[in-house]
Amino acid sequence: LAHNEEPITDAMLLEHRLVVLADSAQRERTSIGLLGGQDTFTVESIQAKIDAQVRGIGCGFLPESALRPYVHTEQLIVKAVSRPTRKIRMRYAWKSPSNGGELGRALQWWLTQLESAVTRQALLESPSI
């Protein structure tokens, strides 16, 4: 794909293995960017996905902030695709206290941190996610 002209079409993508992130959701599993019949290689983290793509195991979609250092060192190449960009709503969840009581102190602290715009922006921009 690195040698193909832009924009990359779905037909071009279908000819290549897609590196995908395992879905940790226990309900409503979704596949973003996967074409029907496309060969996949599933990994457990964004970093593993980056590593697989750097090693040429497959291609895939990554957050710009996560791939920035790899593009800078020319380990990865960014290509425009012909399909529309999809915005994904981020969510977080936690298990309710088993005793029906209050949330633990660590979770209370974390939820307070998430109220900060600075924290939310740092999480979205971090290349180490």
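Because the structure is a prediction, the values reported are computed rather than measured. Keep in mind that the numbers below use all heavy atoms, side chains included, and drop hydrogens, waters and symmetry copies.
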If you take all heavy atoms of [X] and [Y], which pair is closest and at what distance?
{"X": "H16", "Y": "C59", "result": "CB-SG, 4.0 Å"}
{"X": "M12", "Y": "E5", "result": "CE-O, 4.2 Å"}
{"X": "T40", "Y": "R17", "result": "C-CG, 3.9 Å"}
{"X": "A66", "Y": "I46", "result": "CB-CG2, 4.2 Å"}
{"X": "V81", "Y": "P7", "result": "C-CB, 3.8 Å"}
{"X": "Q75", "Y": "T73", "result": "OE1-OG1, 3.0 Å"}

What pairs with E6 under side chain to side chain contact (heavy atoms under 4.5 Å, CB included), at least two apart in sequence or on another chain?
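Applying side chain to side chain contact (heavy atoms under 4.5 Å, CB included) to E6 gives K79, A80.
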
Are side-chain heavy atoms of L62 and Y70 found at a separation under 4.5 Å?
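When only atoms from C-beta onward are counted, Y70 and L62 do not touch, as no gap falls below 4.5 Å.
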
Taking the side chain as everything from C-beta on, heavy atoms only, tell me whether R68 gets closer than 4.5 Å to V71.
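Sidechains of V71 and R68: no contact.
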
Do S45 and Q47 pair up side chain to side chain, a donor and an acceptor below 3.5 Å, judged on atom types alone?
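No - no donor-acceptor pair under 3.5 Å links their side chains.
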
[atom1] of [X] to [atom2] of [Y]: how many Å apart, nearest 0.5 Å?
{"X": "L111", "Y": "W94", "atom1": "CG", "atom2": "CH2", "value": "4.5 Å"}
{"X": "F41", "Y": "I57", "atom1": "CZ", "atom2": "CD1", "value": "4.5 Å"}
{"X": "E44", "Y": "K49", "atom1": "CD", "atom2": "NZ", "value": "13.0 Å"}

Do V118 and W110 share a hydrophobic cluster (ILVMFWY, side-chain heavy atoms under 4.5 Å, transitive)?
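No, V118 and W110 fall in different hydrophobic clusters.
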
Same cluster for I77 and L67 if Ile/Leu/Val/Met/Phe/Trp/Tyr side chains link at under 4.5 Å?
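Different clusters: I77 never reaches L67 through Ile, Leu, Val, Met, Phe, Trp or Tyr contacts under 4.5 Å.
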
Please lay out, stage by stage, how V43 and V19 fare under the test side chain to side chain contact (heavy atoms under 4.5 Å, CB included).
CA-CA 7 Å; V43 296; V19 181; 4.1 Å; yes

